[in-house]
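Naming convention: chains lettered A, B, ... in sequence-line order (proteins, then strands); numbering from 1 in each chain. In this text, all values refer to a predicted model and were calculated from it rather than measured experimentally.
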Amino acid sequence: MLQIQSLRDETDRIIKGLEKKNVANAAEQVQNAIRIDSERREIQQSLNRIQEELNRLSGNIGGLMKEGKKEEAEALRQKVAGMKVEMKELEEKSSASEEALYQAMVVLPNVAHDSVPKGKTPEENEVVESWGEAKDMADWALPHWDLITKYDIIDFENGNKVTGAGFPFYKGKGAKLQRALINFFLDEADKAGYFEMQPPILINKDSGYGTGQLPDKDGQMYHAQDDGLFLIPTAEVPITNYFRDTIIKESELPKMCVGYTPCFRREAGSWGAHVRGLNRLHQFDKVEIVQIAHPDQSYAILETMRKYVQGLLEKLELPYRVLRLCGGDMSVTSALTYDMEVYSAAQKRWLEVSSVSNFETYQANRLKLRAKSEETKKTYLLHTLNGSALALPRIVAALLENNQTETGIKIPAVLQKYTGFDTIG
RNA sequence: AGAGAGAUGGCAGAGUGGUCGAUUGCGGCGGUCUUGAAAACCGUUGACUGUUAAAGGUCCGGGGGUUCGAAUCCCUCUCUCUCUGCCA
């Protein structure tokens with residue numbers, strides 16, 4: 001959630017940033033929130049004055065009682081009881097205006113960073129970098145959904161039977177490849193200074209709210225209703241929420257964490273021909289990096305995070321490009337997002353394998369994730385960032401497709417010590 | 001899952017209706033002393049809101065209630081601990 005303070009202080013910048021996110025009537029919405037807020041503060045102030053008076057008189061009653069002046073105390077008590085009606089009214093007004101402000105604020109997405117290109121569709125994303133050769137493949141080259149059947153390493157049929165669509169079994173060398181990738185990603189993150197965590201994969205409502213999945217995107221998460229818990233869509237949720245309601249020492253910044261988890265997404269209404277095979281699943285594995293940063297450092301850190309992810313793709317020898325997402329393709333909570341896409345020659349398309357974002361204070365505001373300044377002793381909101389490093393299924397798809405020969409699939413050199421084999425076939 | 005106890009500031013731990021936002025200890029920070037450090041002593045040390053700054057207001061697990069007044073009484077939810085049961 002945005003901070004009302006920044007709507008007041010930087011109205012124009014906020015409106016511009018929201019317009020880039022294609023918010024309809026951004027100026028009106030912002031002005032409306034500011035208006036509600038100033039009404040809210042007025043009500044708050046009258047309420048505070050009444051409370052002050054009431055506190056004072058109540059104290060007086062106590063004093064009179066002690067001195068044994070019963071009649072005076074009784075008279076005062078009746079006067080105060082009358083004031084409570086007025087206070088009750090103000091309290092109701094106050095909470096109504098708080099609710100109105102919340103409603104006005106919660107619908108606003110994060111403000112796009114200056115560098116975010118305008119645009120509505122993925123076609124308007126900006127390619128900022130690319131690496132490797134996106135070459136064509138021979139006629140005999142197969143898409144991964146045929147390769148996994150040919151080598152019997154991933155089994156959708158039995159996943160269908162046991163659970164349902166989008167819940168495959170990984171088998172034999174397919175399972176080993178998954179395990180190898182997870183370990184490779186975790187080891188690399190460790191070397192880069194990330195602190196490894198194994199978070200819970202069920203989260204409560206407060207956590208879903210903290211990182212922005214709730215209140216409105218609960219349809220994307222699996223819900224364990226009896227217990228009020230949700231299966232995580234990404235490790236971002238538990239790891240970022242680990243820092244919820246905390247005040248971090250400036251000397252401990254930035255916090256760098258990495259975690260491997262399965263991820264669960266209902267993906268309601270997003271199925272079609274282009275999501276065959278591993279391109280979209282209900283359950284998949286991902287290694288996620290999260291950083292908590294000082295506001296002055298977050299954009300430099302965002303760059304190091306994306307370079308880190310690019311390094312992983314290079315070690316895996318996968319040709320990729322980096323996109324700076326346009327306002328219309330970014331998530332609600334993000335201020336700037338880079339997507340990493342790997343080229344799949346056999347599918348002749350780019351596959352998104354990682355998304356690295358800076359959320360600035362949008363999540364931190366809900367999380368109450370703050371630091372305390374050494375100098376001014378004041379608390380301030382931190383910036384949260386995260387990125388996939390990396391999501392497994394599309395990496396597997398790209399590895400299978402790009403490294404296939406007529407007789408088998410070659411395992412990239414860096415992975416061989418993890419898999420224990422150099423070919424699937 | 002059953003029975004009981006409990007939830008207070010970074011931590012420990014007082015406080016059962018009236019200057020309690022909260023005694024005290026530890027820790028942290030500043031200072032005195034010291035060549036330096038330790039010890040000792042003195043001071044300081046929660047968050048949110050509000051204001052130019054103040055004043056003021058809110059917060060003692062969450063929510064609701066009683067009362068002129070609640071950390072303190074009542075209801076409810078959540079969580080923790082101990083014992084019993086069960087079990088990777």
Side-chain angles (χ1 to χ4, degrees), chain A residues 1-9 33-102 104-105 198 200-210 214-215 223-230 238 241-253 255 262 292 361 364-382:
Chain A
M1 192 142 71
L2 295 173
Q3 299 167 83
I4 184 66
Q5 185 73 40
S6 63
L7 301 215
R8 281 195 254 156
D9 296 346
I34 292 174
R35 187 181 50 74
I36 292 170
D37 179 54
S38 78
E39 284 169 12
R40 195 204 100 240
R41 281 149 71 214
E42 239 170 76
I43 293 166
Q44 189 65 47
Q45 279 174 23
S46 350
L47 179 60
N48 285 353
R49 275 194 295 274
I50 276 210
Q51 284 171 327
E52 182 188 0
E53 180 77 357
L54 222 70
N55 287 342
R56 219 191 65 231
L57 295 178
S58 293
N60 290 352
I61 292 174
L64 292 170
M65 299 285 268
K66 261 186 194 160
E67 293 167 29
K69 298 178 180 170
K70 277 215 160 173
E71 295 90 53
E72 284 179 56
E74 184 55 35
L76 200 50
R77 180 184 297 186
Q78 289 190 1
K79 183 187 170 194
V80 172
M83 287 172 62
K84 287 200 76 184
V85 180
E86 193 184 346
M87 187 167 90
K88 188 99 183 164
E89 267 174 39
L90 273 169
E91 269 171 359
E92 275 162 23
K93 265 185 162 176
S94 169
S95 56
S97 69
E98 267 167 33
E99 176 62 18
L101 180 62
Y102 172 77
M105 293 299 287
Q198 265 192 35
I201 58 175
L202 283 157
I203 50 115
N204 60 27
K205 244 175 138 176
D206 286 344
S207 295
Y209 178 76
L214 298 175
H223 190 187
Q225 298 200 339
D226 285 350
D227 300 288
L229 300 174
F230 298 87
N241 272 282
Y242 176 90
F243 298 99
R244 173 152 51 85
D245 280 317
T246 57
I247 298 179
I248 296 176
K249 286 201 184 110
E250 280 183 321
S251 59
E252 288 174 17
L253 295 173
K255 291 279 185 188
I292 314 293
T361 60
N365 191 25
R366 292 194 190 180
L367 292 161
K368 298 201 186 358
L369 167 48
R370 294 156 295 168
K372 190 170 199 165
S373 164
E374 303 277 350
E375 296 162 30
T376 66
K377 306 290 177 203
K378 293 209 168 179
T379 58
Y380 57 89
L381 293 174
L382 290 167

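- To the nearest whole angstrom, the two C1' atoms, one in B:rU23 and one in B:rU16, are 16 Å apart.
- Look at A:R49 and A:E52 and you find no salt bridge, because none of the NZ, NE, NH1 or NH2 atoms lies under 4.0 Å from a carboxylate O.
- Position along RNA chain B of the nearest nucleotide to A:G63 versus A:Q45 favours A:G63 as the more 5'-ward residue.
- Rounded to whole Å, the separation between the P atoms of B:rA37 and B:rC29 comes to 14 Å.
- Counting only heavy atoms from C-beta outward, the side chains of A:K93 and A:E39 never approach each other to under 4.5 Å.
- B:rG61 and B:rA38 are spaced 37 Å apart, taking the P atom of each and rounding to whole Å.
- Whole-Å rounding puts the A:K377 NZ to B:rU45 P distance at 12 Å.
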All N/O pairs under 3.5 Å across the protein-nucleotides 55-61 of chain B interface:
| residue | atom | partner | partner atom | Å |
| --- | --- | --- | --- | --- |
| B:rG56 | O2' | A:E52 | OE1 | 3.3 |
| B:rG56 | N2 | A:N48 | ND2 | 2.8 |
| B:rG57 | OP1 | A:N55 | ND2 | 3.2 |
| B:rG57 | O3' | A:Q51 | OE1 | 3.2 |
| B:rG57 | O2' | A:N48 | OD1 | 2.9 |
| B:rG57 | O2' | A:Q51 | OE1 | 2.6 |

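- In this entry the distance linking CD of A:Q5 with C1' of B:rC48 reads 13 Å, nearest Å.
- Taking 4.5 Å as the limit, some side-chain heavy atom of A:V80 sits within range of a side-chain heavy atom of A:L54.
- Using a 4.0 Å cut-off between a side-chain N of Lys or Arg and a carboxylate O of Asp or Glu, A:E91 and A:K88 do not qualify as a salt bridge.
- Whole-Å rounding puts the A:L64 CG to B:rG69 P distance at 16 Å.
- Looking at heavy atoms from C-beta onward, A:E53 lies in side-chain contact with A:R56 at the 4.5 angstrom threshold.
- The same atom, C1', is picked in B:rA7 and in B:rC59; the two are 16 Å apart, to the nearest Å.
- Residue-environment remark: OH (A:Y242) stays at or below the threshold of 12 foreign heavy atoms within 6.0 Å.
- Between A:I4 and A:L101, the shortest heavy-atom distance links the atoms CD1-CD1, 4.0 Å.
- Spacing of C1' atoms, B:rA47 relative to B:rC60, comes out at 13 Å, to the nearest Å.
- In this structure, the CD1 atom of A:I43 is 15 Å from the C1' atom of B:rG50, given to the nearest Å.
- Side-chain contact between A:L382 and A:K255 is absent, with no heavy atoms from C-beta onward closer than 4.5 Å.
- Spacing between atom CD of A:E74 and atom C1' of B:rG69 amounts to 14 Å, rounded to whole angstrom units.
- Between A:Y102 and A:Y209, the ring planes are tilted. Angles from 30° to 60° get that label.
- Taking atom C1' in both B:rG50 and B:rA14, the straight-line distance is 32 Å, to the nearest Å.
- Atom CG of A:L101 and atom C1' of B:rU49 are 13 Å apart (whole Å).
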Subject >> Watson-Crick and G-U pairing of RNA chain B, under 3.5 Å, as dot-bracket with | and [ ] >> reply: ((((((((.[[[..)..(.....]]]((((((.......))))))((((......)))).[[[[[..)....]]]]])))))))....

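- Between B:rG46 and A:K372, no contact under 4.0 Å exists linking OP1 or OP2 to a side-chain N or O.
- Within the structure, every side-chain polar atom (N or O) of A:R40 is placed at least 4.0 Å from both OP1 and OP2 of B:rU49.
- Spacing between atom NZ of A:K378 and atom P of B:rU51 amounts to 12 Å, rounded to whole angstrom units.
- Taking the side chain as every heavy atom from C-beta outward, A:N241 and A:I203 never approach each other to under 4.5 Å.
- Atom-to-atom, NZ of A:K79 to P of B:rG69 comes out at 15 Å; the value is rounded to the nearest Å.
- Using a 4.5 Å cut-off on side-chain heavy atoms (C-beta onward), A:L367 and A:L381 make no contact.
- Annotation: side chain of A:E42 is not in contact with side chain of A:Q45 (no heavy-atom distance under 4.5 Å).
- Surrounding CD of A:E86 are at most 12 heavy atoms belonging to other residues, nucleotides or ligands under 6.0 Å away.
- Separating the P atom of B:rG6 from that of B:rU72 is a span of 15 Å, rounded to the nearest Å.
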Using a cutoff of under 3.5 Å, can you pull out all pairs of nitrogen or oxygen atoms linking the protein to nucleotides 64-68 of chain B, with atom names and distances?
| residue | atom | partner | partner atom | Å |
| --- | --- | --- | --- | --- |
| B:rC68 | O2' | A:S58 | OG | 3.0 |
| B:rC68 | N4 | A:R77 | NH2 | 3.3 |

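- As rounded to the nearest Å, B:rG46 and B:rG36 have C1' atoms that lie 34 Å from one another.
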